[in-house]
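Structure first, then comments.
As a basis for the values below, the full set of heavy atoms in this structure was taken, side chains included, without hydrogen atoms, waters or symmetry mates. Everything quoted here is computed from the prediction, not taken from an experiment. In the text below, chain A, chain B and the rest are named by the order of the sequence lines, each starting its count at 1.
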Amino acid sequence: MPELPEVEVTRRKLEPHVLGRTIRAVLTTRPSVFFLTPPHVLRRELPGHRISVLRRFGKYLVAELDDERRLVLHLGMTGQLFAHRAAVPAILARPPSRGAPRAAPLPAPDRHTHLRLQFTDAGPEVWFRDTRKFGRVRLLARVQADPRLDKLGTDALQARGLDLFEACHRRRIPIKVLLLDQTVLAGVGNIYADEALFAAGIRPTRRACRLTRSDCDRVVAALRRIMHRSIRSGGTTVSDYLDPDQRFGRYQLALRVYGRSGEPCWHCREPVSRLVLGQRSTHFCRCCQK
DNA sequence: ACCGCACCCTGAGCGC
DNA sequence: TGCGCTCAGGGTGCGG
């Protein structure tokens, strides 16, 4: 599932395919929850405009247009952005291990390809595909605020221990649940929350208010370290994630606890435990995390 | 303000 | 073979 590292890899690889290009036509599927801006509006409004910047905020991607409107994209759980060159054979072997992606390289758009941007030049189309439709697309008017975007906390890669420590004040929820709150640190999802808490030696069930300043420093440092490593590895492919070139991530090979319940802990060899917190499966080591 | 939980959606995997 | 069930989870919104 795309969290900050996967979204950042997507941004970096998509950027050269969109910057400075002018949209010629937009193809969409039928209206659905996927479209916060109705598809017929996107088809009408986007053509003729040039994409000037592609930014990331937490797990959001924002394409700024030449008229200062913004196209806001969220990949949800199964969202994929592709730079689709016609007639170029897609790569691909199986991913190195752990979870065989359901997705295979797409030779043609299918019913899950909800948005296709075609450009005035001969370069690739950009496709937004999302089987589960937990992803979202919205076109913001000039200077129009986005309620979700504006509520995001500090980007997880920019955060300091103090940011987390202040957010933990008087919060009685498990630290794992707090880490998933996008208004606290933007970009942290289920995988990296578990991995960072393991690296910091903190049990995910511990109440947020019971973390010390030093605990928070370790969690934030671990998040930054792990996310940077993951970005360098092309992100984590657990089930569906593919980058704009339809390549799998490789960071799943480096995961220490996520998806490893019952397998031996990297440090102490005790079996990794699993429980559910905030309706999300949570993985940790009873021995190494207190 | 805080917190728990149902819900959105689809495909995979499983038992029968 | 095929049906029906459960599970996965990012984010929203509601009720207590």
Side-chain angles (χ1 to χ4, degrees), chain A residues 1-8 10 29-37 56-62 72-81 94-95 98-104 106 110-115 128-138 145-153 155-156 166-196 204-210 223 227 235-242 249 252 255 257-262 274-283:
Chain A
M1 40 244 83
E3 304 180 24
L4 187 153
E6 292 74 39
V7 179
E8 178 60 19
T10 296
T29 49
R30 304 166 64 78
S32 70
V33 289
F34 181 81
F35 294 102
L36 294 175
T37 296
R56 180 190 59 77
F57 300 96
K59 301 177 196 174
Y60 287 85
L61 282 177
V62 179
V72 181
L73 309 173
H74 193 290
L75 298 178
M77 281 188 53
T78 53
Q80 302 164 326
L81 281 165
R94 311 284 295 174
R98 177 146 305 183
R102 303 191 250 279
L106 279 185
D110 62 2
R111 68 192 184 98
H112 303 301
T113 308
H114 299 297
L115 185 69
F128 190 173
R129 188 173 178 275
D130 183 9
T131 51
R132 300 279 275 286
K133 283 194 224 165
F134 279 21
R136 296 290 181 263
V137 54
R138 160 179 268 156
D146 182 302
R148 329 264 184 263
L149 225 43
D150 292 345
K151 271 191 250 168
L152 290 180
D155 195 84
E166 287 174 349
C168 284
H169 185 61
R170 294 200 178 175
R171 302 294 300 270
R172 297 174 58 77
I173 54 173
I175 181 60
K176 159 74 184 279
V177 175
L178 187 95
L179 286 178
L180 296 180
D181 183 344
Q182 299 301 297
T183 68
V184 175
L185 299 183
V188 183
N190 208 32
I191 296 174
Y192 298 100
D194 282 4
E195 293 297 311
T205 49
R206 199 197 299 180
R207 292 180 190 278
C209 56
R210 307 293 289 181
L223 274 172
M227 287 179 157
T236 301
T237 296
V238 171
S239 58
D240 300 86
Y241 175 73
L242 293 176
Q252 62 275 14
L255 296 178
V257 285
Y258 184 85
R260 297 191 64 244
S261 54
R274 177 187 180 276
L275 50 75
V276 174
L277 288 178
Q279 290 85 245
R280 299 292 178 265
S281 66
T282 299
H283 315 75

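- The ring pair (Phe, Tyr, Trp, His ring centres under 6.0 Å) check on A:F128 picks up A:F34, with sequence neighbours excluded.
- Contact annotation for A:R274: backbone-only contact, meaning every heavy-atom pair under 4.0 Å involves sugar-phosphate atoms and none involves a base.
- Here A:F134 pairs with nothing under the ring pair (Phe, Tyr, Trp, His ring centres under 6.0 Å) rule; sequence neighbours left out.
- Of the possible donor and acceptor atoms, one in the side chain of A:E195 sits under 3.5 Å from a partner among the backbone N and O of A:Y258.
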Using a cutoff of under 3.5 Å, can you pull out all pairs of nitrogen or oxygen atoms linking the protein to nucleotides 2-5 of chain B, with atom names and distances?
unit_1	atom_1	unit_2	atom_2	d
B:dC3	OP1	A:R172	N	2.6
B:dC3	OP2	A:R171	NE	2.6
B:dC3	OP2	A:R171	NH2	3.1

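- The NE2 atom of A:H112 sits 16 Å away from the C1' atom of B:dC8 (whole-angstrom rounding).
- For A:F57, the side-chain contact (heavy atoms from CB on, under 4.5 Å) partners two or more places apart in sequence, or in a different chain, are A:R55, A:V62, A:L149, A:L152.
- The residue among A:M77 and A:R148 whose nearest nucleotide of DNA chain C is located toward the 5' end is A:M77.
- As judged by a 4.0 angstrom heavy-atom cut-off over every strand, A:S281 is placed among residues touching the sugar-phosphate backbone only.
- Atoms CG (A:L275) and C1' (C:dA8) sit 16 Å apart, rounded to a whole Å.
- Following rounding to the nearest Å, A:L178 (CG) and C:dG10 (P) show an atom-to-atom distance of 15 Å.
- Remark: A:L36 pairs with A:R136, A:R138 by the side-chain contact (heavy atoms from CB on, under 4.5 Å) rule, at least two apart or across chains.
- Contact between the side-chain N/O atoms of A:R111 and the OP1/OP2 oxygens of B:dG11 is found at a separation under 4.0 Å.
- With sequence neighbours excluded, no residue satisfies salt bridge (Lys or Arg N to Asp or Glu O under 4.0 Å) with A:R210.
- In this structure, A:F134 does not count as stacked on the base of C:dG11 under the 5.5 Å centre distance and 30° plane angle limits.
- Listed by chain and residue number, A:K176, A:H283 satisfy the side-chain hydrogen bond (donor to acceptor under 3.5 Å, both in side chains) test with A:D194 (two or more places apart in sequence, or in another chain).
- Applying the side-chain hydrogen bond (donor to acceptor under 3.5 Å, both in side chains) rule to A:R56 yields the partners A:E8, A:D155; only residues at least two apart in sequence or on another chain are considered.
- Evaluation of the side-chain hydrogen bond (donor to acceptor under 3.5 Å, both in side chains) rule for A:D181 yields A:T183 as partners, not counting sequence neighbours.
- Checked by atom type, the side-chain pair A:E6/A:Y192 shows a donor-acceptor distance below 3.5 Å.
- Within residues 180-191 of chain A, the residues that place at least one heavy atom under 4.0 Å from DNA chain C are, in residue-number order, A:Q182, A:N190.
- Here the nucleotide nearest the side chain of A:Y258, chosen from B:dG11, C:dG11, C:dA8, is C:dA8.
- When rounded to the nearest whole Å, the span between CG of A:L36 and C1' of C:dG10 equals 13 Å.
- Between the C1' atom of B:dC9 and the CD atom of A:Q80 lies a distance of 15 Å, rounded to the nearest Å.
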remark   = Writing each nucleotide of DNA chain C 5' to 3' as (, ), [, ], | or . by Watson-Crick or G-U pairing under 3.5 Å yields .|||||||||||||||
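- Rounded to a whole Å, the CG atom of A:D146 is 9 Å from the P atom of C:dT12.
- The side chain of A:H74 places an N or O atom within less than 4.0 Å of a non-bridging phosphate oxygen (OP1 or OP2) of C:dG11.
- The backbone N or O of A:D130 sits nowhere less than 3.5 Å from a side-chain atom of A:Q80 that would complete a donor-acceptor pair.
- Note: CG (A:D130) to P (C:dA8) measures 19 Å, nearest angstrom.
- Note: CG (A:L73) to C1' (C:dG10) measures 16 Å, nearest angstrom.
- Residue A:K133 places at least one side-chain N or O closer than 4.0 Å to OP1 or OP2 of B:dT10.
- Between A:K59 and C:dG11 there is a side-chain polar atom (N or O) within less than 4.0 angstrom of OP1 or OP2.
- Residues satisfying the side-chain hydrogen bond (donor to acceptor under 3.5 Å, both in side chains) criterion with A:T37, sequence neighbours excluded, are absent altogether.
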